[in-house]
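Note sheet for the following structure.
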Amino acid sequence: MGIIAVHGGLDTSREKQYLEILQEAALKGHELLLKSRVQALEAVLQVLEESPKFNCGYGSVLNFDGIAEMDAAIMDGPSNRFAAVAAIQDVRHPISVARALMEKTSNVILAGAGAVKFARAQGFPIVDCIADRQHESWQKARASLARGEKPAQNLYTGLVSASYGDTVGCVLWDGAGLAAASSTGGCLLKTPGRVGDTPNLGGGIFASKTSAVVCTGIGEAFIETLTAKYVDQVIAAGNEPNQAAGLALVRLYEQKRAEGGILAVDAQGNVGSAFNAGRFPVVVVADGRLIDNYQPVNLRGEQGIH
Ligand code: ASP
């Protein structure tokens with residue numbers, strides 16, 4: 001019983017090694033699904049935050065100053081509880097800090113030094129999250145800027161090669177309720193202190209009795225259009241998640257000319273996902289079984305999207 005769907009971010013490689021980690025994460029979450037939605041989400045994201053392949057935890061892209069500042073959020077639909085950490089540094093699992101915030105305090109968002117202080121008080125050790133290849137990528141990007149050139153690196157993934165990964169997110173339905181979680185290092189060379197859509201409720205994440213939604217792409221565009229909340233409203237109006245994700249991307253493109261990926265599940269356990277960029281790997285586990293070769297809808301080139 002139940003559905004769990006995990007995405008590996010915009011422009012993320014669909015090579016076997018990336019899909020396998022997403023699958024491992026989804027299956028791990030599925031084992032915990034009937035025990036606790038929040039625990040299941042944390043388990044999924046921890047697998048991805050541990051890997052240097054994805055732009056979250058260890059593997060995060062670096063900000064302008066060469067520091068990994070991470071955002072993570074978690075929301076449980078039935079209890080309407082939300083918690084997020086923003087611009088947090090030196091913790092391996094920002095999602096676990098967000099979960100602790102949700103379960104142990106009445107605060108909803110902690111940012112920067114305060115988030116780090118809370119993490120230490122909760123016993124999360126100091127862990128450097130800078131993977132070698134992200135550090136090299138940052139050095140190259142800064143050198144390009146110093147030469148007056150535009151960096152060749154991918155904004156989302158930090159890397160130039162075809163093999164890379166971005167922000168991660170997960171939505172689930174356990175037969176009784178919906179929940180969502182997301183984790184990211186944000187965008188390469190972001191301004192120190194910049195916070196993206198991942199911890200912005202209604203922008204990059206939302207969960208209710210109707211749907212669970214997570215987004216990836218340029219965070220500012222998702223925040224200003226309240227895209228995750230819009231997807232929930234479109235599903236509440238009677239649309240399937242696939243349709244809602246597509247309509248939200250068309251709207252995002254119309255309003256902001258932005259790229260994105262959206263993953264959603266509704267209260268009947270229907271999963272939907274769409275994107276308008278190069279790649280957007282999604283894996284789905286339904287009733288304990290991995291769905292073979294699940295493909296999100298690619299809207300690039302359609303409905304006026306370039
Ligand atoms: N949405 C993330 C941010 O803007 C980045 C991404 O999804 O690639 O921080």
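As the structure is a computational prediction, the values presented were derived from the model and not from experiment. For ligands, and for the atoms within them, numbers begin at 1 and follow the listed sequence.
Note: Phe54 and Tyr18 have perpendicular aromatic rings, judged against thresholds of 30 and 60 degrees for the angle between ring planes.
Protein heavy atom in closest approach to atom 9 (O) of ligand 1: Arg194 NH1, 2.8 Å. Nearest protein neighbour of atom 7 (O) of ligand 1, counting heavy atoms only, is Thr216 OG1, 2.7 Å. Scanning the protein heavy atoms around atom 6 (C) of ligand 1, the nearest turns out to be Thr167 OG1, 2.9 Å. In terms of protein heavy-atom proximity, atom 8 (O) of ligand 1 is closest to Asp166 OD2, 2.7 Å.
The main-chain N or O of Ala87 is found under 3.5 Å from a side-chain atom of Asp71 such that the two form a donor-acceptor pair. When atom types are taken as modelled, the side chain of Asn200 and the backbone of Gly196 share a donor-acceptor pair closer than 3.5 angstrom. Remark: side-chain polar atoms of Asn55 are paired, donor with acceptor, to backbone N or O of Val61 under 3.5 angstrom. Put simply, the side chain of Asp197 never gets that close to the backbone of Gly203: no donor and acceptor are under 3.5 Å apart.
Near Tyr156, meaning under 4.0 Å from any of its heavy atoms, are these atoms of ligand 1: 8 (O). Residue contact check: Gly196 has heavy atoms under 4.0 Å from atoms 9 (O) of ligand 1. Every atom of ligand 1 is numbered from 1 in the order shown, and the set under 4.0 Å from a heavy atom of Asp197 is 1 (N), 2 (C), 3 (C), 4 (O). Those atoms of ligand 1 that come under 4.0 Å of a heavy atom in Cys187, given as number and element, are 4 (O).
Contact between Leu10 and ligand 1 is absent, with no heavy atom of the residue lying under 4.0 Å from the ligand. Distances shorter than 4.0 angstrom do not occur between any heavy atom of Gly204 and any atom of ligand 1. Under a 4.0 angstrom heavy-atom cut-off, Gly217 registers as being in contact with ligand 1. Lys190 does not count as a contact of ligand 1, since none of its heavy atoms falls under 4.0 Å from the ligand.
A cation-pi geometry, defined here as NZ or CZ lying under 6.0 Å from the six-membered ring centre and within 45° of its normal, holds between Arg92 and Tyr58.
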Begin with the C-alpha distance, continue with both residues' side-chain angles, and end with the deciding distance and a verdict on ring pair (Phe, Tyr, Trp, His ring centres under 6.0 Å) for Phe124 and His93. CA-CA 9 Å; Phe124 292 98; His93 296 300; 8.5 Å; no
Carefully, step by step, assess Glu220 and Lys256 under the rule salt bridge (charged side-chain N to carboxylate O under 4.0 Å, His left out). CA-CA 9 Å; Glu220 284 72 6; Lys256 297 286 173 187; over 6 Å; no
